[in-house]
Amino acid sequence: MKRRSVLLLAAFSGAATAAVSCDADSEKPSSGNGAGFSNSLRIPPILGPETGADGMKQFNLTMQAGGRTEFQPGKVADTWGINGAYLGPTLRVTRGDKVRMRVTNQIGETSTLHWHGIRLPAKMDGGPHQMIEPGATWTPEWTIDQPAMMGWYHPHLHERTAMHVYRGLAGLIIIDDDNKPDLPSEYGVDDVPLIIQDKNFEDDGKLDEDGVEDGTWGVLGDSILINGTFGAEFKVTTRTVRFRILNASNARVYRVGFADNRKFHVVGTDGGLLERPVEVDRVKLSPAERAQIVVRFAPGEQIVLNSVGETERSAGDPEEDDYDLMRLITAQDLADSPDLPSALGGVPATAPPAGARVRTFRLSGSEINDKEMDMNRIDEVVPAGAHEIWEVINTSYAHNFHIHEVDFRVMELNGHPPPEYQRGPKDTVFLPKGATARLSVKFNTYVDPVSPYMFHCHILRHEDKGMMGQYVVVEPGTENQVARTINAGSSGGHHN
Ligand code: C2O
Ligand code: CU
Ligand code: CU
């Protein structure tokens, strides 16, 4: 029996463990009835900004080590967090806001902080080039200019992202705008973020870091944390709840739904709302993907949010990965909720123009187009405002593909339109073994020929192994004058 399976039983000791698999090959967190899920779901606090004399909303973020987190009662794990012991606060901003992030690095080693899904100049992006040395403060600033969505922030240091995220550095960014369809919207009550992460724990409750920087997948944990809560339980007090789900796991893919297979509606994807709700019974989320869903409840229910079925992450055939994520208990009296609107006001897709440039990216092993990441090499030069087709061909085991600074639409997956619930604005697409995706990608106009944006697999072990490339956005017509080699030492934003 593997140690992990033993740990799992220990973690749930006292609870009914009959449903917990303990066969030798299993890395399942648990499956079945949600027994043992009794810790109140933690809701990441919203960080109020300071408003400076210049009208900027300033968010002070400190990346810190030395956190002591009791994921399991009486057992302390050493964790990292942002303004806290584990994970970070939710940053809530409105389209049009001018924001300044004051990011101080107190983790004792170099890192970066990237704003995933946020549209902004490359120097402010917090990718591998915007390194923050220990003790230093980095202060990027930009204007929020994109539709309402949920993004997130996490370190992006080249070759060290997996460990920094695994130890706890991640948080949410929620953008609001003037399009306010009648959806549940009280944060933490009926508009609830769910940051899903899988971890392995040692017997003494410490995070097991074995494997995070090894092997094909890095870590695949057998315990689930939701918002940093182990064995999470959420008390439903309203007829419907919107969950904003983020897969912030290093490698695991989930097919999220409910143990009773109830149907629910997807209302948003990575980059914002859909045009109209789409009814489903499962949403598949690979690392970094998000979904906003609206679920209807009846009084006095006990339901389990779970992940079941094939997730296609393995190098061989798809694997069944069934386990519980969270238990939900509904009140006897549920407050009324708005009826689900038939139109959500999400931005419609626009087709790429005839003759749009097609770029091809072949994923194999942990390489893209037979290359590993080189901080000094510019792989692609994109004219500002271009609307292109990026074709991503996965010739090997499961990967996904994330592009910084864009919203894209998945036009085709294996020659067919993707499931309807995935047709909203995206920044990350899952590519099962052997899959091909055609993406319609509209680029922004923040030109900077020497500061690249990244595109990469968001399975963090793959990203750290170099499954990443760099593109710059330049003034149209200047593509051929751009140097393909840059000095990776240059960084952006103001450091002090
Ligand atoms: Cu979530 Cu390149 O990032
Ligand atoms: Cu990103
Ligand atoms: Cu990958």
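First listed ligand is number 1; within each ligand, the first listed atom is number 1. Excluded from the calculations below are hydrogen atoms, water molecules and symmetry mates; all remaining heavy atoms, backbone and side chain alike, are included.
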For this session: Could you walk me through whether Trp152 and His402 pass ring pair (Phe, Tyr, Trp, His ring centres under 6.0 Å), step by step?
Result: CA-CA 13 Å; Trp152 62 303; His402 166 51; 8.8 Å; no
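- Residues His462 and His456 keep their aromatic ring centres 6.0 Å or farther apart.
- Counting just the N/O/S atoms of His402, the one with the shortest distance to the Cu ion (ligand 2) is named NE2.
- Taking the six-membered ring for Trp and the full ring otherwise, Tyr446 and Trp142 have centroids separated by 6.0 Å or more.
- Arg95 has a carboxylate O that lies under 4.0 Å from a charged side-chain N of Asp145, or vice versa, which qualifies the two as a salt bridge.
- His156 lies apart from the Cu ion (ligand 2) in this respect, since none of its N, O or S atoms is found at a distance under 2.8 Å.
- No donor-acceptor pair under 3.5 Å is formed between the side chain of Asn400 and the backbone N or O of Thr428.
- Within the model, atoms CH2 of Trp138 and OG1 of Thr104 stand 12.0 Å from one another, a figure rounded to the nearest 0.5 Å.
- Protein N/O/S atoms found under 2.8 Å from atom 1 (Cu) of ligand 1, listed by chain and residue number: His116 ND1, His154 NE2, His458 NE2.
- For Thr436, the side chain to side chain contact (heavy atoms under 4.5 Å, CB included) criterion is met by Glu391, Ile393, Asn414, not counting sequence neighbours.
- Sorted pairs that involve residues 366-386 and meet ring pair (Phe, Tyr, Trp, His ring centres under 6.0 Å), not counting sequence neighbours, are lacking altogether.
- Neighbouring protein atoms of the Cu ion (ligand 3) (N, O or S, distance under 2.8 Å, waters ignored): His399 ND1, Cys457 SG, His462 ND1.
- Phe201 has its ring centre less than 6.0 Å from the ring centre of Phe230.
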Exercise. Hey, mind stepping through Glu109 and His164 against side chain to side chain donor-acceptor pair (under 3.5 Å) and telling me if it holds?
Worked result: CA-CA 10 Å; Glu109 57 180 276; His164 288 191; 3.0 Å; yes
